[in-house]
Amino acid sequence: MSIDNKTAMQRIVMAVDLDYFFAQLEEIRRPELKQRPVVVCVFSGRTETSGAVSTANYVARRLGVKSGIPIVLAKKVLAGHPESVFLPVDHPHYDTVSERIMQILSSISPQFEQVSIDEAFLDVSSTVRGKFDAATEIAQKLKAEIIQEEKLTCSIGIGPNKLIAKMAADHGKPNGLFVVPPENVGSFLNDQPLSKLIGIGTKTEKKMEDLGIKTIHDLSKFDTDVLAREFGKNLGPHFKRIAKGIDDDPVITRQVEQIGRIITLKNDASSFSFEDEMIPLYLDIADRLSAQKLKAKVMGIIVITSQLKIKNRANTLDIPTDSVDIISKTANCLFQQFFKNDENLQEGKIRRAGVKVSGLERYGEIDEKERGKSEAQIRTLTDFLQTDGSF
DNA sequence: AACAAGGGTTTAG
DNA sequence: TCATCTAAACCCTTGTT
């Protein structure tokens, strides 16, 4: 009997999540806010209070303020707390600090994946040679370093894959460090409600409940075919796998696939009367494309009705572009078409509008699809020359 | 049958 | 008038090759 010395090392993934990031940054700017409810808001500019809550500190959260609720509602909830502060988002500042922290994180392991402005995964398997204790030590040092450098607390989860690491980080929030070694995955999952599984939101949870799936354990035992029928051939089986704690998704630096901007219009529109309001969006998208050395092949518009129904219209260009001129002409054309022939207008007016580009290509790099197309074109030409082309 | 494009849904932070 | 903004993954339908 030979010992298999090629046995894969135990994968160890770390999820790092900065606690109530925007609100914590505001607390650092003004430490006297720490004891008071802090609500960071996206004001739409329509009225004094229209808009939504981006993030709130835990003082405000304990009183019932949650991400995404209307600002007006948050004000009602905090009516009895005149010491509350409502601040507008300051993205440039948040971006700057985020960048510095991501720098620290990416120095821990080359296998680094930034998921959002305040979240990242690290695969430390080889760094710690599969030892969870060593990974835990790294996490402790990391937390200390982030406090040292930026005065910020974060929550770290450690697990055998991204899913478990992320759920562990959530579990320890705020200022947590929670470790789930492989042998504890089962009990860790079974102790939690279905809604804590990453990727299962309110709609999916409700649908599962209707199917009689009430716990993560129920889901892990449920008929795969029924899941595939109800949630799709990929998503259904995926849900079952994550309920068992199985997740092979690698920690990889992802590349940007779409760039978009959307705004709330000054007034609801029933015709394309907001061309001027779109100009800054076009400029911004063009800027962001060229800053990342990207060109886009697909140009799209997004329209949100006064009933908050989302509509998309898009078309594909012959040649990828980063030109403001082409972006604005194409988008304006799509808006015109939308208002011209869409009976959707009967559903109501337009509240918000935006632009989105995708089908992104880096300069000098031939996209796989394009390469395929060129080859097909060459073959066609060759065939032509060999048959009809010869005489 | 395989693939592209367009449009919708859900999730997450 | 309660209701932001960005981005990804997936699903479905329709039309081409």
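Below, chains carry the letters A, B, ... as their sequence lines are ordered, and counting in each starts from 1.
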A.B. asks: So T204(A), base contact, sugar-phosphate only, or nothing? Heavy-atom distance under 4.0 Å.
C.D. replies: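 Here T204(A) touches the backbone only, sparing every base.
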
A.B. asks: To the nearest angstrom, how far is K76(A) atom NZ from dC2(C) atom P?
C.D. replies: 8 Å

A.B. asks: Can you check whether V59(A) reaches V38(A) side chain to side chain, under 4.5 Å on heavy atoms?
C.D. replies: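 A side-chain contact under 4.5 Å is absent here.
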
A.B. asks: Starting from C1' on dT10(B), measure out to CD1 on I198(A) and report it in whole angstrom.
C.D. replies: 14 Å

A.B. asks: Which part of the nucleic acid does K356(A) contact within heavy-atom distance under 4.0 Å: base, sugar-phosphate only, or nothing?
C.D. replies: nothing

A.B. asks: Does I200(A) reach a base, just sugar-phosphate, or nothing at all? Heavy atoms under 4.0 Å.
C.D. replies: sugar-phosphate

A.B. asks: What's the CZ-C1' distance between F231(A) and dC11(C), to the nearest Å?
C.D. replies: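 The answer, rounded to whole Å, is 13 Å.
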
A.B. asks: Nearest of dT11(B), dG13(B), dT6(C) to any side-chain atom of S116(A)?
C.D. replies: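 The nucleotide sitting nearest to the side chain is dG13(B).
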
A.B. asks: May I ask you to check whether S155(A) and K173(A) show a side-chain donor-acceptor distance below 3.5 Å?
C.D. replies: no

A.B. asks: Go through F274(A) and F335(A) one step at a time and tell me if the ring-ring contact (aromatic ring centres under 6.0 Å, His included) criterion holds.
C.D. replies: CA-CA 10 Å; F274(A) 49 88; F335(A) 279 122; 5.3 Å; yes

A.B. asks: Between dT9(B), dT6(C), dT11(B), which nucleotide gets closest to the side-chain atoms of N312(A)?
C.D. replies: dT9(B)

A.B. asks: So what does T55(A) hit on the nucleic acid, given a heavy-atom distance under 4.0 Å: a base, only sugar-phosphate, or nothing?
C.D. replies: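 Nothing, no heavy atom under 4.0 Å.
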
A.B. asks: Can you tell me if the side-chain N/O atoms of R229(A) get under 4.0 Å from OP1 or OP2 in dC11(C)?
C.D. replies: no

A.B. asks: Among the nucleotides dG8(B), dT6(C), dT4(C), which one has an atom lying closest to any side-chain atom of K311(A)?
C.D. replies: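 So the nucleotide nearest the side chain must be dG8(B).
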
A.B. asks: Below the 4.0 Å mark, does dG7(B) have OP1 or OP2 next to a side-chain nitrogen or oxygen of K309(A)?
C.D. replies: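 Negative; the distance criterion is not met.
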
A.B. asks: Please tell me whether N175(A) and K143(A) have a donor and an acceptor in their side chains that are separated by less than 3.5 angstrom.
C.D. replies: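 The criterion, which ignores hydrogens and geometry beyond distance, is satisfied for K143(A) and N175(A).
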
A.B. asks: So, is R352(A) close to the dT4(C) phosphate, meaning a side-chain N or O under 4.0 Å from OP1 or OP2?
C.D. replies: yes

A.B. asks: Considering only dT10(B), dA3(C), dT9(B), which nucleotide approaches the side chain of K203(A) most closely?
C.D. replies: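 Of dT10(B), dA3(C), dT9(B), dT10(B) is nearest to the side chain of K203(A).
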
A.B. asks: Which whole-number value in Å describes the distance from K207(A) NZ to dT11(B) C1'?
C.D. replies: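 Whole-Å distance recorded here is 14 Å.
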
A.B. asks: Select base, sugar-phosphate, or nothing to describe what T202(A) touches, counting heavy atoms under 4.0 Å on all strands.
C.D. replies: sugar-phosphate

A.B. asks: Measure CG/L308(A) against P/dC2(C) and give the value in whole Å, please.
C.D. replies: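 Whole-Å distance recorded here is 11 Å.
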
A.B. asks: Within the 4.0 Å heavy-atom criterion, would you say I71(A) contacts the bases, only the backbone, or no part of the nucleic acid?
C.D. replies: nothing

A.B. asks: Select base, sugar-phosphate, or nothing to describe what D118(A) touches, counting heavy atoms under 4.0 Å on all strands.
C.D. replies: sugar-phosphate

A.B. asks: Between dC11(C), dG7(B), dC5(C), which nucleotide has the shortest distance from any of its atoms to the side chain of N234(A)?
C.D. replies: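 When the side chain of N234(A) is considered, dC11(C) is the closest of dC11(C), dG7(B), dC5(C).
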
A.B. asks: Determine whether D123(A) and S125(A) satisfy the following criterion, side-chain hydrogen bond (donor to acceptor under 3.5 Å, both in side chains), listing intermediate values before the conclusion.
C.D. replies: CA-CA 6 Å; D123(A) 186 324; S125(A) 316; 2.5 Å; yes

A.B. asks: What is the separation between atom CZ on F22(A) and atom P on dG13(B), rounded to the nearest whole Å?
C.D. replies: 13 Å

A.B. asks: Starting at atom NE2 of H91(A), determine the distance to atom P of dT6(C), rounded to an integer number of angstrom.
C.D. replies: 8 Å

A.B. asks: R46(A) or Q258(A): which one's nearest nucleotide on DNA chain C is closer to the 5' end?
C.D. replies: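 By nearest-heavy-atom nucleotide position, the 5'-most residue is R46(A).
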
A.B. asks: On DNA chain C, check which nucleotide each of L235(A) and I259(A) is closest to and give me the residue with the more 5' one.
C.D. replies: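 By nearest-heavy-atom nucleotide position, the 5'-most residue is I259(A).
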
A.B. asks: Among the candidates dG6(B), dC2(C), dG13(B), find the nucleotide nearest to the side-chain atoms of T316(A).
C.D. replies: dG6(B)

A.B. asks: Nearest of dA3(C), dT6(C), dA8(C) to any side-chain atom of R254(A)?
C.D. replies: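 The nucleotide sitting nearest to the side chain is dA8(C).
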
A.B. asks: By the 4.0 Å heavy-atom rule, please label G354(A) as base, sugar-phosphate, or nothing.
C.D. replies: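 Contact class for G354(A): none.
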
A.B. asks: Got Q192(A) and M167(A) here, is their nearest side-chain heavy-atom distance under 4.5 Å?
C.D. replies: yes

A.B. asks: Would you indicate what V53(A) reaches in the nucleic acid, counting non-hydrogen atoms under 4.0 angstrom: base, sugar-phosphate, or nothing?
C.D. replies: nothing

A.B. asks: Same cluster or not: M208(A) versus I242(A), using hydrophobic residues (I, L, V, M, F, W, Y) connected whenever any side-chain heavy atoms lie under 4.5 Å apart?
C.D. replies: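 The answer is yes; both residues are in one hydrophobic cluster.
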
A.B. asks: Choosing from dT4(C), dT11(B), dA8(C), which nucleotide comes nearest the side chain of A52(A)?
C.D. replies: dT4(C)

A.B. asks: Go through dG7(B), dA3(C), dT11(B) for me and flag the one nearest to the R313(A) side chain.
C.D. replies: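 Given the options dG7(B), dA3(C), dT11(B), the side chain of R313(A) is closest to dG7(B).
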
A.B. asks: Using a distance-only test with no angle check, is there a side-chain donor-acceptor pair under 3.5 angstrom linking D19(A) and Y58(A)?
C.D. replies: no

A.B. asks: Return the nearest nucleotide to the side chain of I262(A); candidates are dT9(B), dA9(C), dC5(C).
C.D. replies: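 Within the option list, the nearest is dC5(C).
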
A.B. asks: Using a 4.0 Å heavy-atom cut-off across all strands, classify T264(A) as base, sugar-phosphate, or nothing.
C.D. replies: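 Sugar-phosphate contact only.
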
A.B. asks: Tell me what K206(A) touches on the nucleic acid: a base, only sugar-phosphate, or nothing, going by heavy atoms under 4.0 Å.
C.D. replies: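 No contact.
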
A.B. asks: Without decimals, in angstroms, what is the distance between I117(A) CD1 and dC5(C) P?
C.D. replies: 16 Å

